[in-house]
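First the proteins, then the strands, lettered A, B, ... as listed; each starts at 1. Any value given below was found using the heavy atoms of this structure, including those in side chains, with hydrogens, waters and symmetry copies removed.
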Amino acid sequence: MSDLHERVLDWYAENARELPWRAPDATPWGVMVSEFMLQQTPVARVLPVYERWLEAWPRPADLAAVSTGEAVRAWGRLGYPRRALRLHGAATGIVERHGGEVPSSYDDLLALPGIGDYTAAAIASFAFGRRHVVLDTNVRRVLGRAVAGVEFPATAVTRAERDLATGLLPDADAVAATWAVATMELGAVVCTAAAPRCGACPVADLCAWRAAGYPAYDGPPRRGQTYAGTDRQCRGRLLAVLRDSDGPVHRSTLEQAWSPAGQRDRCLDWLVDDGLVARLSADTFALP
DNA sequence: TATGCGTGGAA
DNA sequence: TTTCCAAGCAT
């Protein structure tokens, strides 16, 4: 084991945040729920929703037994509500094909809706102690800086990146799993995107990016996320109206929530197509 | 493979 | 006030 590994593992042992999905009594289902919620969403916003979610649906079968609308409502304002639909679908698949137990293999996990390479590896690693390369944005940034010497990784995962991460993965399953969560944690709280806290970094003196004098990012412009006026904002606004209503909502109520009308109507149809909204009649809508 | 999908806190 | 961005996925 290299200095890099020992430093990161020791740092994690001392500095890991206590999060409910890392608690000794966390179940694979709890880990899975957390991974869905944490996709593109900060920990602080996930925590309260996670607690309520597991209280309501402590097992996959509990979620699979309710309507998708209940899942969408409970998702609240976490964002990207299709994740709620996919988590519900994944729970259903677990009940139908895995006897109600979250599968432990990467391939079985990957086959479930809403689970891609990262999430499959993360669940297999964190919930079952399997050895997997867990390449999320944090790990990519940490390895990119510490080893490759660049401020930010490429837009998409490159072969070189995956090879690097594979080469650094400890041999033993349990150590590999801890390495995965430790490198993620380092990226989340120390080696952050905007203002890295190099003074608190256990591998600062090994860091290639630091040694090179913190060269600025040199690559294609990183895509900004415009939001005001987009379909995303429109969809979010419409769904919020339905989420905040107890029963069906008349079209006239939705019409007050957004203009222009053309975009609103198109987004409403789209939400229905996505399964996020149910059309009860020509002019009434509700959560599915 | 480049894009679009929500949301809100921080700088 | 803007801009950035936070444990990705599906297409």
Expected output: side-chain A/R131 to main-chain A/P170 donor-acceptor under 3.5 Å: yes

Reading DNA chain B from 5' onward, which residue's closest nucleotide shows up sooner: A/A156 or A/R45? A/A156

When rounded to the nearest Å, what value does the distance between C1' atoms of C/dC4 and B/dG6 take? 15 Å

Extract all donor-acceptor atom pairs below 3.5 Å that involve side chains of residues 86-99 of chain A and protein atoms in other chains or at least two apart in sequence.
from  : atom 1 : to    : atom 2 : distance (Å)
A/H88 : NE2    : A/L63 : O      : 3.4
A/H88 : NE2    : A/V66 : O      : 2.7
A/T92 : OG1    : A/H88 : O      : 2.9

Would you call A/D269 and A/R279 a side-chain contact if the rule is heavy atoms closer than 4.5 Å? yes

Provide the start and end nucleotides, 5' to 3', of the part of DNA chain C that has atoms under 4.0 Å from heavy atoms of chain A. C/dC5 to C/dA10

NA contact type, A/R140, heavy-atom cut-off 4.0 Å: base, sugar-phosphate, or nothing? nothing

For DNA chain B, which nucleotides open and close the run of contacts to chain A, 5' to 3', at under 4.0 angstrom from a non-hydrogen atom? B/dT3 to B/dG8

Have A/H5 and A/S2 got a donor and an acceptor in their side chains that come within less than 3.5 Å? yes

Please work out if A/T119 contacts a base, only the sugar-phosphate, or nothing of the nucleic acid, heavy-atom cut-off 4.0 Å. sugar-phosphate

Is A/D62 salt-bridged to A/R59, cutoff N-O under 4.0 Å? yes

Tell me the closest heavy-atom pair linking A/A180 and A/S125, and the distance in Å. CB-OG, 4.0 Å

Under 4.0 Å, counting only non-hydrogen atoms across every strand here, what does A/T137 touch: a base, just sugar-phosphate, or nothing? sugar-phosphate

On DNA chain B, compare the nucleotides closest to A/G76 and A/R86; which residue's is nearer the 5' end? A/R86

Mark yes or no for whether A/R145, through its side chain, and A/C207, through its backbone, hold a donor-acceptor pair below 3.5 Å. no

Stretch residues 229-246 of chain A: residues that reach within less than 4.0 Å of DNA chain C through a heavy atom: none

Within the side chain of A/Q263, is there an N or O that forms a donor-acceptor pair under 3.5 Å with the backbone of A/P260? no

Mark yes or no for whether A/R82, through its side chain, and A/G114, through its backbone, hold a donor-acceptor pair below 3.5 Å. no

All heavy atoms of A/C198 vs all of A/R210, minimum pair found to be CB-NH1, 3.5 Å

Test your reading of the model: is there a side-chain donor-acceptor pair from A/R130 to the backbone of A/Y106, 3.5 Å cut-off? no

Can you tell me, in whole Å, how much space there is between the P of B/dG4 and that of C/dA7? 22 Å

Comparing A/I115 with A/L19, nearest DNA chain C nucleotide closer to 5' gives the residue A/L19

When you measure from the side chain of A/W209 to the backbone of A/A148, do you find a donor-acceptor pair of N or O atoms at a distance under 3.5 Å? no

So A/Y118 and A/E35, side chain to side chain contact (heavy atoms under 4.5 Å, CB included) or not? Walk me through it. CA-CA 9 Å; A/Y118 161 74; A/E35 291 302 335; 2.8 Å; yes

Between A/R7 and A/Y12, is NZ or CZ placed under 6.0 angstrom from the six-membered ring centre and within 45° of the ring axis? no

Nucleic acid contacts of residues 184-197 of chain A, taken as heavy-atom distances under 4.0 Å to DNA chain C: A/M184, A/A188, A/A193

Per the under-4.0 Å heavy-atom filter, residues of residues 30-39 of chain A near DNA chain C come out as A/E35, A/L38, A/Q39

Measure from the side-chain N and O atoms of A/R141 to the backbone N and O of A/C191, and report whether any donor-acceptor pair falls under 3.5 Å. yes

Tell me whether A/W11 contacts the main-chain N or O of A/V203 through its side chain, where contact means a donor paired with an acceptor under 3.5 Å. no

What is the nucleic acid contact for A/W75, judged by heavy atoms within less than 4.0 Å: base, sugar-phosphate only, or nothing? nothing

